[in-house]
Number of protein chains: 2
Amino acid sequence: MALKSTPTSSPAPTATLDDWADVRFFLAAAREASFSGAARALGTDQSTVSRRIAALEAALGHRLFERGARTLACTAFGAQLVEPARAVERAVLALADAAHASEQGVRGRVRIALTEGLAQHVVVPFVLPALLQRFPELAIELLTSDQAVDLGRHEADLALRFFRTPKGPLVGQRVARLPVALLVARTQLRRFAALPPRELPWIRYVHPAFEPPEARWLEAIGAPRARLECTSVETQLAAVRAGLGVAFASRAFLRVMPELAVLEGEALPTPPPLEIFLATRATLRKVPRVAAVYEALVARLRALAAE
Amino acid sequence: MALKSTPTSSPAPTATLDDWADVRFFLAAAREASFSGAARALGTDQSTVSRRIAALEAALGHRLFERGARTLACTAFGAQLVEPARAVERAVLALADAAHASEQGVRGRVRIALTEGLAQHVVVPFVLPALLQRFPELAIELLTSDQAVDLGRHEADLALRFFRTPKGPLVGQRVARLPVALLVARTQLRRFAALPPRELPWIRYVHPAFEPPEARWLEAIGAPRARLECTSVETQLAAVRAGLGVAFASRAFLRVMPELAVLEGEALPTPPPLEIFLATRATLRKVPRVAAVYEALVARLRALAAE
DNA sequence: TCAGCGCCATGCATCTTCGCATATCACGAC
DNA sequence: GTCGTGATATGCGAAGATGCATGGCGCTGA
């Protein structure tokens, strides 16, 4: 029994959100500030995002995005929907976690986010062999990125990081304290040992979300901004091996890179050890496949650090 | 960088919920305990529900429903996903409300849930004419049902009910106290006046979520279970007009049904007035199109009750 | 200034998905 | 016992959605 008083004018503003998948498209577009970026994040095509957003705008009766030439910005109407849309996402992700909660046995895929260095020199050689052999149905995905992945958004199941993760839906613990040393190419050992610390050619590791332990000390002694900065420890150490300078890094690299040596001196600091933290979502912590990897990482990393 | 150790066996249990719309299908099927019922609720076909649920089960690697012959029941796995799915629904509905929050002007569709009696005898003749004329872009949908609609699930925007709605996301107020009388067909007035109350042929109105004010009194005097029970006030009054018995109802019906009269007597009670409550979601209360209808209902119903 | 690039919108061929219809089955009523 | 009802699963044709390709546009950098 519907009385429609406006047969022609005014699109009916009372739109019901029929396809909940549209929320995902909207949120991705808003987050990426780009239809193309949203398409990449969603694993679909840009045209699909464009058309679905257009359809959603038509259904809602308002434009959600202001299409600039190079920039996509939420309209005022769209902006007030971002936080509710994130709430929908959180609910869906919680649902996905609930679906995993009843999993039995160590089988399936576990995604671990870590740095290239931890992946190549620690996890792959010392953790994975025994782990994969012990659990034949376990699959591991190593997400090596210097970007801090968002565990809360399910971008990974486990994360090995150099910084403690904030509380909340995440849990974790410190798994290693790696002694740090000032590394230098053996060929340059003599030359650099003669220089005062502040004149050393520092090669620094920079990370958007992590400040290395030695950073403060370098500031304190007035070391100039490094001639070379890297966002990758591998590249940093490659530069050290090439004789371009000195860098603080875990002593563990000495074992796999015999061309490196430790530069020591009275004026040189002994920075605090590098701490490695393992984190996961609380809802995943007891899921067998995650717990198996979690505990293997804790055990092996602790054993390695104790050597 | 993915290491898949199980190329053949075991479907990957780590399934990402790619299409959030599936949540809606799952929830509808779980709620209705039927694919057919879910299809009706979603406005789609039963085959679509069946196939999407099957696809979802395949993606999750577990069956969600146990297909009995006549009954559809959640499996243990599915049962633990119902509450998370409801959380998703709440988030989506909140998003829909947020989309309405910025609406300007009184335009669009407003759905009012009420009984047939209130619709035919009160809202349509005394509220809608002025309302629709004053707001040309307003459209009204009258959902006449004896089932109590779930405002929280957006089944309607406004509800006129005989009982106060529980607090929480809903707001509302009492809009009328209708004096109640014992109505009888004029032709039967003499005959019924001679009977003691407990021997009167009561025609009772029954409602799954509402107990009429006179119910307790009838119990108290030991009136037998009514010979005729109706879930519709219209039918109930039709029975009274046909001379089948007596019924408590609003005195207002006397104005539109001249063939009715009031049966009075010393042993007869004057039951408490019938209260009518108006309710809406808090998030909609200030949306112009809802507020206009809300306030028109309050004003007109109060004026009518005061006559 | 101009070429290059990345972004969004749109036409078109294709493929998935939907809705209708049918088959099958189980339960309950007569 | 038999029939009728309502449920789910599946075949088939059609409609809708998707992905690829193109075009237009504005910004960036040489």
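All chains are named by letter (A, B, ...) in the order of the sequence lines, taking the proteins before the strands, and each is independently numbered beginning at 1.
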Pair B:T144-B:E116, side-chain donor/acceptor within less than 3.5 Å: yes
Presence of salt bridge, B:E83 and B:R90, under 4.0 angstrom: yes
B:D18 CG to D:dA17 P, straight-line distance once rounded to whole Å: 17 Å
Parallel, tilted or perpendicular: ring planes of A:F26 versus A:F65, cut at 30 and 60 degrees: tilted
Exercise: identify the closest heavy-atom pair between A:A156 and A:L143: CB-CD1, 3.8 Å
Residues in contact with DNA chain D, drawn from residues 19-28 of chain B - heavy-atom cutoff 4.0 Å: none
Sugar-phosphate, base or nothing in reach of B:T44, heavy atoms under 4.0 Å: sugar-phosphate
Verdict with reasoning, B:L95 to A:W20, per side-chain contact (heavy atoms from CB on, under 4.5 Å): CA-CA 10 Å; B:L95 172 63; A:W20 294 2; over 6 Å; no
pair A:R281-A:D97: side-chain heavy atoms closer than 4.5 Å: yes
Shorter than 3.5 Å, N or O on both sides, protein versus nucleotides 6-11 of chain D: list them out with atom names.
from  : atom 1 : to    : atom 2 : distance (Å)
D:dT8 : OP1    : B:F35 : N      : 2.6
D:dT8 : OP2    : B:S36 : N      : 2.8
D:dT8 : OP2    : B:S36 : OG     : 2.4
D:dA9 : OP1    : B:R67 : NE     : 2.9
D:dA9 : OP2    : B:S50 : OG     : 2.6
D:dA9 : N7     : B:Q46 : OE1    : 3.0
D:dA9 : N6     : B:Q46 : NE2    : 3.4

A:E89 side chain near A:R31 side chain, heavy-atom distance below 4.5 Å: yes
For atom CZ of A:F65 and atom C1' of C:dA9, their distance in whole Å: 16 Å
Worked verdict on B:L56 versus B:R52 for side-chain contact (heavy atoms from CB on, under 4.5 Å): CA-CA 6 Å; B:L56 183 59; B:R52 290 196 74 137; over 6 Å; no
